[in-house]
Amino acid sequence: MTVQTQNLKWVQLCQRGDLVAESGVAARLEDQQLALFYLPDENRVYAIDNHDPFSQANVLARGLIGDLHGEWVVASPIYKQHFRLTDGQCLEASEVQLKTWPARLNNNNVEIALAL
Amino acid sequence: MSQRKDLIIIGNGMVGHHFVDTFRALNGADQWRIHIIGEERHSAYDRVHLSEYFQGRSHSDLALGTSEGYQQAGIAAHLGTRVERIDRAAHTVLLSDGEELCYDKLVLATGSYPFVPPIPGHDAERCFVYRTLDDLDAIRSAADQGKTGVVIGGGLLGLEAANALTSLGLTTEVIEFAPRLMPVQLDATAGTVLKDKIEALGVRVHTDTATQQIETLNDGRLRLHFADGEPLETDVLVFSAGIRPRDELARQAGLKVGERGGVCIDNHGRTSDNDIYAIGEVALWDERIFGLVAPGYRMAETVAAHLEGCDSPFLGADMSTKLKLLGVDVGAIGDAHGTTPGTLSFRYHNEAKQQYKKIVTSADGKRLLGAILVGDNSAYDSLLQYYLNDIALPAEPDSLILPSASAAPALGPDALPDSATICSCMNVTKGGIVTAIDGGCCSVAEVKAETRASSSCGGCAAMLKNLVDATLEARGVEVDHSLCEHFSYTRQALYHLVQVEQIKTFDELIRRHGRGHGCDICKPAVASILASHWNEGVHDAAHVKLQDTNDTFLANMQKDGTYSIVPRIAGGEITPDKLLVIGQVAKDYRLYTKITGGQRIDLFGAQLHQLPEIWQRLIDAGFETGHAYGKALRTVKSCVGSTWCRYGQQDSVGMAILLENRYKGLRAPHKIKFAVSGCTRECAEAQSKDIGVIATENGWNLYVCGNGGMKPRHADLFATDLDDVHLIRTIDRLLMFYVRTADRLQRTARWMESLEGGLDYLTDVILNDCLNLGEELDQQMARIVDTYQCEWKATLEDEQKLKRFRTFVNSPAGDDNILFVEERDQIRPATHEEKNRLIASA
Ligand code: SRM
Ligand SMILES: Cc1cc2nc3c(=O)[nH]c(=O)nc-3n(C[C@H](O)[C@H](O)[C@H](O)COP(=O)(O)OP(=O)(O)OC[C@H]3O[C@@H](n4cnc5c(N)ncnc54)[C@H](O)[C@@H]3O)c2cc1C
Ligand code: SF4
Ligand code: FES
């Protein structure tokens, strides 16, 4: 997927202080639930769907993150599948890919982008 | 092309099959047309593992060859067909289906049959033997309707049959004519120890008992009458009174047979007719029948070679055996009875552990001539190598069987000559294995595939692994023990690094000794090491990112993303007031309530943001966290003990509470469970726990390294009649040693099994302090006990930590996708369909 910046609308979800370093928190946006992962060393935030398709529970924000073969992933706390933070791809099942959002730190604001 | 010659093998048993396999592997095999004739309807199968048929393995699991396999190899297999007679003059055999076949060479591999003593009534319908798959089918269908079984014969196979009857659910008794069990292999004491052990497993043994008559009752059951004593009734009877060679064809054909049966063969496997060979259990060599498979295989190899014009004589075989009979270790090596004149014998007999070990040496004490082991086979491999290779014994030969492991120089692979047999079934020597490794094999599996070592009875597996590991190591090949892609160390090595380099954080450890950022394998493992060693709160800023969700939120995540709450109820003792608090909290938060298998109460269905409020109320009422989420001490179960119970010897509840409070919060490689029983009736099931304590008249017996779960293991008795102080000191040391040396997610049972020397080694380290670690372990435990804090209490006092307990960082609401329905007056998670319905109707 290529995203063109001019078509995006950035919305604020929470503050930097709500995030936990090298770990996740959940946020809500209307009907959606997002898992936000914060990497302070890279000054980066990743936003992926909080819904774990294997257990049908909204728990991915509570998974452990780490790197596998050089890429950041989160492990589901229920059945331990890994999802890539950059694009939501599940490493154990090629047909499963989670929704992701462009995310950024704007000063102390945590923002994600919605397509217009 | 020259005319192909005909080779006929009579008998498609283990040895007959091995012969065909070996012969085909030799170059000239294609000059022969091979016929194999087997009376059983099944193609050859692994008779040694026959009993596994009752554990669910089928013929195809046990099969050594298949009819299709024979066919593809161009071999004519006549299964379900018997050879009726041999015509030596005409060089033909007559088959039961009327066909006649010519042979140039003939191999007899007809094995043996179970001997049935001619007791009147021995041919009753419910009398069986134990040799073939068909026998087992017949036994199984008789056992289906029965409750009890009897085996006549207390030898090796008789005990195996008794085990099989037990596994079919029959209450089983064994009748042995001789004054002891396994009279061939064991001496009087060994026989008694074995008998006691077997009786403790619920199989009654009658020695010195002669059966005189078998009466069939009206309902088909059998009544056994003995020379003296009460008659015995049973539903199923199995004879296992020895084997006899199936030499009837040979007799009819006029071949030379032994006085007590068996077809006489020379060193090339040849019978008195140069065109006929005999191999396996039917063959008599030097007046001896070999009732084991390995010698039969050697004979098969000899004959295969001889047919190809090679000389590879059969010169006898070792009859040493190592087995587990009804779960009891038994081993017999060489001249176990010490019949050679002028021998010395050394015995070790531990009545408490029911172990007996004996070795027989030459008069000068330098060579091992024989051995008997009952109840503990750990010395078997070493002893066998001393025996087979004539290795000089240590100055104190009894050190080989005495329990003190430090004194017993384990016979390492280095000490063995190249000619030492490692696998006697497949005749693989140390040299053969080393050659395979030099040829490129890099693991036990590869060596197994290449040499076929350890592919039959499996008795040599431990020895093979030692040898392969040692040889690989000597070649500088590194065996990969990496924890994950971030650390090329084992958990134990990482523990060491943390300790020696005083490392306090994950970041420091991975920077110095790892690579990358870590993952869901190494992070929790390192977190546990740091917690065990430094006992800092798992929520301190540096550790937060390492914990998996249960440790992070101090609760167990359930399938729907909610959590359970397990307050500590030490020893299972709880006041009515506390029960009321739990009830009230559960009601107020609408939590599902259940008594756990660990004698406490679990509250299910709380959302993340509710956890602090709920715990605040529990802590206010005096509860503490139960660590149900941690790799840590779980519960110490107790029985009511001497305070109330009329049989109680000590205050088991008091001890359970003391222990639970002492070790609560201790982080370990895996969870740890304890139990304390007030007497040997063992109502607390202490022998199924990592640490089990059972009260005696004089104090406490300590059991260690048991567990339930996926692979249950009975705990081992570790020390007896301890007073409170020594009990605690022993547990302190054992747990700390476990915490330091076990692998990730390895419970105490598997840990103990993985230690070289096993329980004996542990005894040495913990009770005899052979590593001089005792005080250090004591201090380490003392530090952990002294710095205990309830993690929930600490969390509730810390605003920063509490911030994490939010279902959403930008909304106070809960997850509206968590929905419950009612069942048996309580909540449970709604199923997917129920959810859809609930959402639609909302
Ligand atoms: C609640 C309880 C079942 C119950 O309703 O009774 C339970 C529940 C769980 N057990 Fe258990 N076990 C419970 C008693 C047991 C027992 C019985 C006992 O302790 O006497 C055993 C067998 C004894 C033993 O462990 O040796 C037991 C053997 C296991 C095992 C297998 C361990 C093994 O070594 O094979 C696991 C899996 C594991 O730990 O890896 C397990 C894992 C679990 C987990 C943690 C599975 C999970 O990851 O979700 C369950 C969640 C607990 C929760 O949500 O609170 N549970 N579990 C029991 C809690 C006891 C307590 O008060 O803490
Ligand atoms: C329950 C049990 C456990 C055992 N455990 C062990 C152990 O742990 N270790 C060990 O070393 N040994 C063990 N043994 C012994 C081992 O199984 C034998 O040593 C081995 O099977 C002998 O092989 P064989 O080919 O000589 O005889 P068998 O395997 O008996 O094969 C002979 C075959 O020839 C067939 N036959 C006989 N006469 C004719 C005929 N006229 N025409 C056609 N076919 C004929 C028979 O039906 C049979 O199938 C055990 C045996 C049993 C029964
Ligand atoms: S173990 Fe003994 S003391 Fe404890 S309850 Fe049972 S019978 Fe009573
Ligand atoms: S000794 Fe039997 S398989 Fe090796």
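This structure is a prediction, so every number in the text was calculated from the model and none was measured.
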Decide yes or no on side-chain contact (heavy atoms from CB on, under 4.5 Å) for A:Arg62 and B:Asp548, but give the supporting numbers first. CA-CA 8 Å; A:Arg62 287 173 263 162; B:Asp548 57 31; over 6 Å; no
If you count heavy-atom pairs within less than 4.5 Å of chain A, which of B:Asp816, B:Leu608, B:Ile818, B:Asn810 leads? B:Asn810
Below 4.5 Å, heavy-atom pairs only: which of B:Leu546, B:Thr549, B:Asp815 has the largest tally toward chain A?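 Option with the top pair count is B:Asp815.
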From [atom1] ([X]) to [atom2] ([Y]), nearest 0.5 Å:
X        : Y        : atom1 : atom2 : answer
B:Ser811 : A:Leu29  : OG    : CG    : 11.5 Å
B:Met557 : A:Ile78  : CE    : CD1   : 5.0 Å
A:Lys80  : B:Ile521 : NZ    : CD1   : 9.0 Å

Measure [X] against the heavy atoms of chain B and call it side chain, backbone, both or neither at under 4.5 Å.
X       : value
A:His82 : side chain
A:Ile65 : both
A:Ala27 : both

What's the shortest heavy-atom distance between [X] and [Y], and which atoms?
X        : Y        : result
B:Ala813 : A:Arg28  : CB-NH1, 4.3 Å
A:Asp67  : B:Cys519 : O-CB, 4.3 Å
A:Leu64  : B:Gln547 : CD2-O, 3.4 Å
A:Ala57  : B:Gly561 : CB-N, 4.0 Å

Taking atom types as modelled, find out whether [X] and [Y] have a side-chain donor-acceptor pair closer than 3.5 angstrom.
X       : Y        : result
A:Asp41 : B:His517 : no
A:His51 : B:Asn817 : no
A:Ser23 : B:Arg804 : yes

Do the side chain of A:Gln56 and the main chain of B:His832 share a donor and acceptor less than 3.5 angstrom apart?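 No.
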Answer key: most heavy-atom pairs under 4.5 Å with chain B among A:Val74, A:Asn58, A:Val59 is A:Asn58
Check the surroundings of atom CD in B:Glu799: do more than 12 heavy atoms from other residues, nucleotides or ligands lie under 6.0 Å from it?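 Open: at most 12 neighbouring heavy atoms sit under 6.0 Å from CD of B:Glu799.
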